[in-house]
Amino acid sequence: QVQLVESGGGLVQAGGSLRLSCAASGRTFSTLSMGWFRQAPGKEREFVAGINWSGSSTDYADSVKGRFTISRDGYKKTVYLQMNSLKPDDTAVYYCAARTDSRASSWSHEYDYWGQGTQVTVST
């Protein structure tokens, strides 16, 4: 079993930055590939970014490429999402997810564990 706890959400003005964190416990972190997803009101959950279990490979949704960066710290068992140049369209609940596979995935159904989510609100 894996427990994921997100933090770092909040209210920010357009053009600002936030860094989300997701702390993992319950399983060897190096055996988990990680992803960030988001869900805005009335919309389906969508992929934001993913990182494989070694940290050697990352993937991003087109909508966040060049603005968001995913990274991981094995010692802290934490995955991060650095979000820059935020836009009102980035407003959503952001979820951290983990899968017991060497590769990350952009498909939510391929993840085994989920955090509770953290709200990000970007104002104009």
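Start at 1 with the first residue, then count along the sequence. Just so you know, these numbers use all the heavy atoms, side chains as well, and skip hydrogens, waters and symmetry mates.
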*Asks:* What distance separates D59 CG from S33 OG, expressed to the nearest 0.5 Å?
*Replies:*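 Between atom CG of D59 and atom OG of S33 there are 11.5 Å.
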*Asks:* Give me the one residue out of T100, N52, D112 that meets side chain to side chain contact (heavy atoms under 4.5 Å, CB included) with L32.
*Replies:*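 With L32 as partner, T100, N52, D112 yield a single side chain to side chain contact (heavy atoms under 4.5 Å, CB included), made by T100.
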*Asks:* Spell out, as yes or no, whether a donor-acceptor pair under 3.5 Å connects the side chain of E6 to the backbone of C22.
*Replies:*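 The answer is no, because no donor-acceptor pair under 3.5 Å joins these two groups.
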*Asks:* Search all heavy atoms of L18 against all heavy atoms of L86 and return the closest pair with its distance.
*Replies:*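 In this case the closest contact between L18 and L86 is N-CD1, 3.9 Å.
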*Asks:* Could you give the distance from OG (S108) to CZ (R45), rounded to the nearest 0.5 Å?
*Replies:*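 It is 7.0 Å, given to the nearest 0.5 Å.
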*Asks:* Using the test salt bridge (charged side-chain N to carboxylate O under 4.0 Å, His left out), find all partners of D90 that sit at least two apart in sequence or belong to another chain.
*Replies:*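 If we apply the salt bridge (charged side-chain N to carboxylate O under 4.0 Å, His left out) test to D90, skipping adjacent residues, the hits are R38, R67.
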*Asks:* Can you pull the ring-ring contact (aromatic ring centres under 6.0 Å, His included) pairs that have at least one residue in residues 52-80, sequence neighbours excluded?
*Replies:*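 Matches after skipping sequence neighbours: none remain.
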*Asks:* Determine the minimum heavy-atom distance between F29 and V79, stating which atoms define it.
*Replies:*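 Taking every non-hydrogen atom into account, CZ-N, 4.2 Å.
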*Asks:* Going by atom types alone, do S30 and T28 pair a side-chain donor with an acceptor below 3.5 Å?
*Replies:*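 The answer is no; no qualifying pair exists.
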*Asks:* Is it true that the side chains of E110 and S105 contain a donor and an acceptor less than 3.5 Å apart?
*Replies:*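 There is such a pair between these side chains.
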*Asks:* I'd like to check V64 versus M83 (side-chain heavy atoms, cut-off strictly below 4.5 Å). Are they in contact?
*Replies:*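 No, side chains not in contact.
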*Asks:* State, with a plain yes or no, whether a side-chain heavy atom of R19 is found less than 4.5 Å away from one of L81.
*Replies:*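 No, too far: nothing below the 4.5 Å cut-off.
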*Asks:* Decide salt bridge (charged side-chain N to carboxylate O under 4.0 Å, His left out) for D101 and R99; before the verdict, give the C-alpha distance in whole Å, the side-chain angles of both, and the deciding distance to 0.1 Å.
*Replies:* CA-CA 6 Å; D101 192 279; R99 65 191 299 247; 3.6 Å; yes
*Asks:* How far does OG1 of T78 sit from CE of M34, to the nearest 0.5 angstrom?
*Replies:*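 Taking OG1 in T78 and CE in M34, the distance rounds to 9.0 Å.
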*Asks:* Who are the ring pair (Phe, Tyr, Trp, His ring centres under 6.0 Å) partners of F37, not counting sequence neighbours?
*Replies:*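 In terms of ring pair (Phe, Tyr, Trp, His ring centres under 6.0 Å), with neighbours along the sequence ignored, F37 is linked to F47, Y111, W114.
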*Asks:* Rounded to the nearest 0.5 Å, what's the gap from OH on Y95 to CH2 on W36? Could you check?
*Replies:*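 If I round to the nearest 0.5 Å, the distance is 12.0 Å.
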*Asks:* Testing the 3.5 Å rule here: is there a donor-acceptor pair between the side chains of S17 and N84?
*Replies:*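 Judged by distance alone, the side chains do pair up.
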*Asks:* Given side chain to side chain contact (heavy atoms under 4.5 Å, CB included), test Q13 with V122 step by step and report yes or no.
*Replies:* CA-CA 5 Å; Q13 288 187 331; V122 183; over 6 Å; no
*Asks:* Nearest 0.5 angstrom please: S7 OG to Q116 CD, how far?
*Replies:*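 S7 OG to Q116 CD: 8.5 Å, rounded to 0.5 Å.
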*Asks:* Applying side chain to side chain contact (heavy atoms under 4.5 Å, CB included) to T121 and V12, what does each step give before you reach the verdict?
*Replies:* CA-CA 6 Å; T121 303; V12 64; over 6 Å; no
*Asks:* For residues C96 and L4, report the shortest heavy-atom separation together with the two atoms involved.
*Replies:*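 So the minimum-distance heavy-atom pair works out to O-CD1, 3.7 Å.
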